[in-house]
Enquirer: 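My questions will all concern the structure given below.
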Amino acid sequence: MSETALPSAPPVTTIAELGKHEGQSVLLRGWLYNLRESGKLLFPIFRDGTGTIQGVAHKAGVSAEVFETLKGLTQESSVKVTGKVRADKRAPGGYELDVEQVEVVQRVPEEDPYPITPKDHGVDFLMERRHLWVRSTRQAAILRVRAEIMRAAAEYFDTNGFTRTDPPILTPAACEGTSTLFPVDYFGEEAFLTQSGQLYIESTALALGKVYSFGPTFRAEKSKTRRHLTEFWMIEPEVAFCDLDGLMELAENFIAHIVQSVLAKRKADLLVIGRDIAKLEAIAAPFPRLRYDAAVEMLNQAFKDGHLEQPFEYGNDFGSPDETWLSSQFDRPVMVHRYPAAVKAFYMQPDPENPQFAMCVDVLAPEGYGEIIGGSQRVDSYDLLKNRIEEHKLPMDAFQWYLDLRRYGSVPHAGFGMGIERAVAWICGLDHVRETIPFARTLNRMFP
RNA sequence: UGCCUGGUAGCUCAGUGGCAGAGCAGGUGACUGUUAAUCACUUGGUCGCUGGUUCGAUCCCAGCCCGGGCAGCCA
């Protein structure tokens, strides 16, 4: 920071803040994103992590040394640039930088140029270089939106009386007994990476009332789709004295808050990504609610009308094409509730009006994005939960602590989990979750 | 795991049973308003690997390796 110590030196700023310095000379620290040359005119584009700005250097307007330094400069060389901020209608961001001085921090050698050019590349090539790909304008914008989604999600709970209680990542056994878990050697004993913190936060919810957890989750399923990662981030609220209606209200307000925060703070990034902003502006509570039965009727009609290839069999869980079609019928997330208990997890409370149904809800994001939230009211009866554990042939010993929650002061309670990457994919309008996380872990990729 | 699909220059791809191609990137040069700048010239190849058929295989066949898409599972 020696440059800030010099009284006459131009102020250090960022590209995002350039508008505050119009007409002034400033110092930017960043990288050369691209360089266009036109004879005695050079157009270096700089990026600094907050945005990009086009610099202009006339041969007659700068020293010979500065001109020569810029002229041959290679993509992604790191630089400190001094220049005067000028508003210009031709510039995409509204401003340009008339270059005055350039200091090259590290020059990328010509014989080993930066591999990711501003041209088309394939998925595998880019994922193999994810450590560099994150520098690109679009990827950086997605990561900023992701950060805002995570911030706004935590903010919603923090400002509504929730206490964050993070469950362990190393666990002794399966939470639900369904998903495949990653085994870990724990001092000679077998342990697993968590696939959900739900059972643990049911415990802290009965201690603190309203709680949430926020952390990584692991699923060892060999899923190979645009919606799946083996390591993903999930935010899970759990609320004591809450029923299914209360949970759906929580879910819609939570999602609306996140979308509104992203629109308020990261609209420029959404535009870089190419998102249709109007579709996000329509996201406001309340969300439509559909009973499973009503959703099935829609699917049957859709099949008759030729929108779906397979007929839907009543009693099944929805398949991916079913979810896609359902969610595409609404302009905001749709909440499908009361699925048949037989296709849902053992800990879900039966509907008091008809125990064939579970008091659960899936939130399907619009535009065909499908499930982003799954949640339920939990079984609060000791006897029923014990029976369910037996029916599902789960090891009773491992669930004794969980049954304790029904032995000592059991109350109705409910919670849900939202997959961060699926939310990011929807809000950014991406076609694959691998671009929503800095370093995706998928079936075929553990690198870099 | 099942079905579909791909692997040719640094990248994106075309192509043929008989000399290995284009655009871009890299290099050299031109250009005072470019927006993935343009123009001229130019460097660059284990055609995924192994075996088979053939006078001859990048091309046809078999096996293997590595990706991608969809489904299932789920968030």
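None of these values were measured; they are calculated from a predicted model. Below, read A as the first sequence line, B as the second, and so on, with proteins coming before strands; counting in each chain starts at 1.
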Enquirer: Taking only side-chain nitrogens and oxygens of Ser223(A), does any of them come within less than 4.0 Å of OP1 or OP2 of C74(B)?
Expert: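 Result: no.
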
Enquirer: Any base atoms under 4.0 Å from Asp120(A), or only sugar-phosphate, or nothing? Heavy atoms, all strands.
Expert: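 Contact class for Asp120(A): base.
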
Enquirer: Could you check which nucleotide pairs with G56(B) in any of the strands shown, counting Watson-Crick or G-U wobble with both distances under 3.5 Å?
Expert: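 Answer to the pairing question: none, since G56(B) forms no Watson-Crick or G-U pair.
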
Enquirer: Go through U34(B), A75(B), G69(B) for me and flag the one nearest to the Gln54(A) side chain.
Expert: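 For the Gln54(A) side chain, the nearest candidate turns out to be U34(B).
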
Enquirer: Please pick, from A36(B), U32(B), A75(B), the nucleotide with the shortest atom-to-atom distance to any side-chain atom of Arg422(A).
Expert: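 Closest nucleotide among those given: A75(B).
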
Enquirer: Look at Asp88(A) together with Arg90(A) and state whether they make a salt bridge at an N to O cut-off of under 4.0 Å.
Expert: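 Salt bridge present between Asp88(A) and Arg90(A).
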
Enquirer: Counting the atoms with a prime plus P, OP1 and OP2 as sugar-phosphate, which does Leu229(A) contact under 4.0 Å by heavy atoms, base, sugar-phosphate, or nothing?
Expert: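 Answer is base: heavy atoms of Leu229(A) come under 4.0 Å of a base.
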
Enquirer: For Asp88(A) and U35(B), what is the distance between atoms CG and P respectively, to the nearest whole Å?
Expert: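 So the two atoms are 14 Å apart, to the nearest Å.
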
Enquirer: Does a donor on one side chain sit under 3.5 Å from an acceptor on the other, for Tyr369(A) and Thr324(A)?
Expert: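 Tyr369(A) vs Thr324(A): no donor-acceptor pair found between side chains.
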
Enquirer: Distance under 6.0 Å and angle within 45° of the ring axis: does Arg130(A) meet both against Trp133(A)?
Expert: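 Yes, Arg130(A) lies over the aromatic ring of Trp133(A).
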
Enquirer: So, using salt bridge (Lys or Arg N to Asp or Glu O under 4.0 Å) as the criterion, who are the partners of Glu96(A) when residues are at least two apart?
Expert: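 In terms of salt bridge (Lys or Arg N to Asp or Glu O under 4.0 Å), with neighbours along the sequence ignored, Glu96(A) is linked to Arg86(A).
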
Enquirer: Would you check if Phe43(A) stacks with the base of A37(B), given a 5.5 Å centroid limit and a 30° plane limit, both strict?
Expert: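 By the stated criterion, Phe43(A) and A37(B) do not stack.
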
Enquirer: Determine yes or no for a side-chain-to-main-chain donor-acceptor pair under 3.5 angstrom, with Arg146(A) supplying the side chain and Val424(A) the backbone.
Expert: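 Not a single qualifying donor-acceptor pair exists.
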
Enquirer: Looking at the side chain of Glu96(A), which of U32(B), C73(B), U34(B) is the nearest nucleotide?
Expert: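 For Glu96(A), the side-chain atoms sit closest to U34(B).
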
Enquirer: Can you tell me the Watson-Crick or wobble partner of G67(B), both distances under 3.5 angstrom?
Expert: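 Its partner is U5(B).
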
Enquirer: When we call it a touch if two heavy atoms are under 4.0 Å apart, what does Gly370(A) touch: a base, just sugar-phosphate, or nothing?
Expert: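 Since no nucleic acid heavy atom lies under 4.0 Å of Gly370(A), the category is nothing.
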
Enquirer: Can you figure out which of G72(B), A37(B), G33(B) approaches the side chain of Thr225(A) most closely?
Expert: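 Between G72(B), A37(B), G33(B), the one nearest the side chain of Thr225(A) would be G72(B).
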
Enquirer: At under 4.0 Å between heavy atoms, what does Asn34(A) touch on the DNA or RNA strands: base, sugar-phosphate, or nothing?
Expert: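 The residue Asn34(A) makes sugar-phosphate contact but no base contact.
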
Enquirer: Can you tell me which residue among Ile149(A), Val262(A), Asp269(A) is in a side chain to side chain contact (heavy atoms under 4.5 Å, CB included) with Arg144(A)?
Expert: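 Of the listed residues Ile149(A), Val262(A), Asp269(A), the side chain to side chain contact (heavy atoms under 4.5 Å, CB included) partner of Arg144(A) is Asp269(A).
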
Enquirer: Quick check for you: among U35(B), G69(B), G33(B), whose closest atom lies nearest to any side-chain atom of Arg226(A)?
Expert: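 The nucleotide sitting nearest to the side chain is G69(B).
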
Enquirer: Please verify the inter-ring angle class for Tyr339(A) with Tyr292(A); under 30° counts as parallel, over 60° as perpendicular, anything in between as tilted.
Expert: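 Rings of Tyr339(A) and Tyr292(A): tilted, as their planes differ by 30° to 60°.
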
Enquirer: Judged by atom type as modelled, is there a donor-acceptor pair below 3.5 Å linking the side chain of Ser213(A) to the main-chain atoms of Thr165(A)?
Expert: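 No; zero donor-acceptor contacts below 3.5 Å.
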
Enquirer: Would you confirm whether Arg422(A), through its side chain, and Arg227(A), through its main-chain N or O, come within 3.5 Å as a donor-acceptor pair?
Expert: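 Checking the backbone N and O of Arg227(A) against the side chain of Arg422(A), a donor-acceptor pair under 3.5 Å is found.
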
Enquirer: If you only use heavy atoms from C-beta on, which nucleotide in U32(B), G69(B), C11(B) is closest to the side chain of His432(A)?
Expert: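 Among the listed nucleotides, the one closest to the side chain of His432(A) is G69(B).
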
Enquirer: So which nucleotide from U35(B), G69(B), A75(B) ends up closest to the side chain of Arg90(A)?
Expert: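 Among U35(B), G69(B), A75(B), the one nearest the side chain of Arg90(A) is U35(B).
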
Enquirer: How are the rings of Tyr156(A) and Phe254(A) set to each other: parallel, tilted or perpendicular (split at 30° and 60°)?
Expert: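 Perpendicular, since the angle between the ring planes exceeds 60°.
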
Enquirer: How long is the span from the CE atom in Met298(A) to the CZ atom in Phe312(A), to the nearest 0.5 Å?
Expert: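 Between Met298(A) CE and Phe312(A) CZ, I get 12.5 Å after rounding to 0.5 Å.
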
Enquirer: If the sugar-phosphate is the primed atoms plus P, OP1 and OP2 and the base is the rest, what is the B/S/- string for nucleotides 21-30 of chain B, using protein heavy atoms under 4.0 Å?
Expert: ---SSSS---

Enquirer: Measuring only the P atom in each nucleotide, how far is C39(B) from C24(B)? A whole number of Å is fine.
Expert: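 It works out to 7 Å between them.
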
Enquirer: Starting the side chain at C-beta, find the nucleotide from U34(B), A71(B), G33(B) nearest to Pro321(A).
Expert: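 Nearest listed nucleotide: A71(B).
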
Enquirer: His121(A) has an atom NE2; how far is it from atom C1' of G10(B), in whole Å?
Expert: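 Answer to the nearest Å: 10 Å.
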
Enquirer: So if I take every side-chain heavy atom of Pro118(A) and compare against G69(B), A36(B), G33(B), which nucleotide ends up nearest?
Expert: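 The answer is A36(B), which lies nearest to the side chain.
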
Enquirer: Report the distance from atom CG of Leu42(A) to atom C1' of U34(B), rounded to the nearest whole Å.
Expert: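 Answer to the nearest Å: 11 Å.
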
Enquirer: How do His58(A) and Asn444(A) order along RNA chain B: which one's closest nucleotide is nearer the 5' end?
Expert: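 Final value for this comparison: His58(A).
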
Enquirer: Under 4.0 Å, heavy atoms only, any strand: does Arg227(A) hit a base, just the sugar-phosphate, or nothing?
Expert: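 If one applies the 4.0 Å heavy-atom cut-off, Arg227(A) turns out to touch a base.
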
Enquirer: Just the rounded figure in Å: distance from P of U35(B) to CZ of Phe46(A).
Expert: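 One finds 18 Å between P of U35(B) and CZ of Phe46(A), rounded.
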
Enquirer: Can you tell me how far C1' in G7(B) sits from the matching atom in C13(B), rounded to whole Å?
Expert: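 These two C1' atoms come out 12 Å apart once rounded.
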
Enquirer: Looking only at atom P, what distance separates C55(B) and G15(B), rounded to whole Å?
Expert: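 One P to the other, the span is 29 Å.
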
Enquirer: Taking the same atom, C1', in U8(B) and in G21(B), what whole-Å distance lies between them?
Expert: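 Roughly 10 Å separates the two C1' atoms.
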
Enquirer: In whole angstrom, give the distance that lies between atom CD of Gln310(A) and atom P of A71(B).
Expert: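 Gln310(A) atom CD is separated from A71(B) atom P by 12 Å.
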
Enquirer: Looking at G33(B), I'd like to know if its phosphate oxygens (OP1 or OP2) sit under 4.0 Å from a side-chain N or O belonging to Arg86(A).
Expert: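 For G33(B), OP1/OP2 do not have a side-chain N/O of Arg86(A) under 4.0 Å.
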
Enquirer: Show your reasoning for whether salt bridge (charged side-chain N to carboxylate O under 4.0 Å, His left out) applies to Arg338(A) and Asp351(A).
Expert: CA-CA 7 Å; Arg338(A) 291 178 172 82; Asp351(A) 186 346; 3.1 Å; yes

Enquirer: Between C1' on U34(B) and NZ on Lys59(A), what's the gap in Å once rounded to a whole number?
Expert: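 Roughly 18 Å, once rounded to whole Å.
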
Enquirer: Whole Å only: how far is the CZ atom of Phe318(A) from the C1' atom of C73(B)?
Expert: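 Spelled out: CZ on Phe318(A) to C1' on C73(B) is 16 Å.
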
Enquirer: Please list, by residue number, the residues of residues 122-141 of chain A whose heavy atoms come closer than 4.0 Å to an atom of RNA chain B; answer none if no residue qualifies.
Expert: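 Correct list: Gly122(A), Asp124(A), Phe125(A).
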
Enquirer: Can you check the Met234(A) CE to A75(B) P distance for me, whole Å?
Expert: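 After rounding, the gap between these two atoms is 7 Å.
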
Enquirer: Scan every strand shown for a Watson-Crick or G-U wobble partner of C13(B), both distances under 3.5 Å, and answer none if you come up empty.
Expert: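 Pairing partner: G21(B).
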
